[in-house]
Amino acid sequence: MSIERRTTKQKEAIKAVLSHQDGPLLPDEIQALALKIVPSIGIATVYRTLKILQDDNLVCSVEIPGQAPRYESSDRGHHHHFHCQKCHSVFDLEKCVEGLKNLVPSGFRVIDHEITLHGLCKACD
Ligand SMILES: [Zn+2]
Ligand SMILES: [Zn+2]
C-alpha cells in the first residue's frame, strides 16, 4: 500500500473513532479504538494524524487543567464538558448556560466562553 493511501486510511479511522464518542479522548484511547479499524496503528502515527486533522480544522483539542490534551471532532458545535475527578473521563454536555452575559459589567462584550464542570460521573458517584 502506498504511503498516501495508508495515511488516508489512518485519517479516516481516527475521524470515525472521534465521530462516535460521548466526549473527547486521549491519544491512547483513540489508538485503542482505531486499532479495531486499522490493525497496527502506532501511537506516534496517532499523534501525527491528530496534528494533520487539527491543521485541517477537522479535530480540535480539549484542555482540562492538569490533564493531557484530549481530542474531539470539530463538527460538534458549541458545547461544554464534564470532567470526572475520580476516573478522569470527560463527557460532552449538550446544554449551555443562560445569562452569562449578565456577569460582565456594562459596556463589556462577551465574545466566547469555556466552561468545564468537575465532579463525579454516574459510575463513580
Ligand atoms: Zn468517573
Ligand atoms: Zn456555552
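First listed ligand is number 1; within each ligand, the first listed atom is number 1. Quick note: residue numbers are just sequence positions, from 1.
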>> If we only look closer than 2.8 Å, how many protein N, O or S atoms does the Zn ion (ligand 1) have near it?
In response: 4
> Taking atom types as modelled and ignoring hydrogens, do the side chains of His81 and Glu72 form a donor-acceptor contact shorter than 3.5 angstrom?
Replying inline: yes
> Ser74 side chain to Asn57 main-chain N or O, any donor-acceptor pair under 3.5 Å?
Replying inline: yes
>> If the threshold is 4.0 Å, N to carboxylate O, is there a salt bridge linking Glu12 and Lys15?
In response: yes
> Between the main-chain N or O of Glu63 and the side-chain N or O of Gln67, is there a donor-acceptor pair closer than 3.5 Å?
Replying inline: no
> For Gly77, does its backbone N or O pair with a side-chain atom of His79 as donor and acceptor, under 3.5 Å?
Replying inline: yes
> Ion pair present between Asp125 and Lys86, side-chain N to carboxylate O less than 4.0 angstrom?
Replying inline: no
>> If I compare all heavy atoms of Ser73 with all of Cys60, which pair ends up nearest, and what's the gap?
In response: O-SG, 4.5 Å
> Is Val110 isolated, or which residues cluster with it under the ILVMFWY side-chain rule of less than 4.5 Å, directly or via members?
Replying inline: Val104, Phe108
Only distances under 3.5 Å count here; give the side-chain donor-acceptor pairs of residues 22-35 to other protein atoms, sequence neighbours excluded, each with its distance to 0.1 Å.
| from | atom 1 | to | atom 2 | distance (Å) |
| --- | --- | --- | --- | --- |
| Glu29 | OE1 | Leu26 | N | 2.8 |
| Gln31 | NE2 | Ile41 | O | 3.1 |

>> Around the Zn ion (ligand 2), how many protein N, O or S atoms are found at less than 2.8 Å?
In response: 4
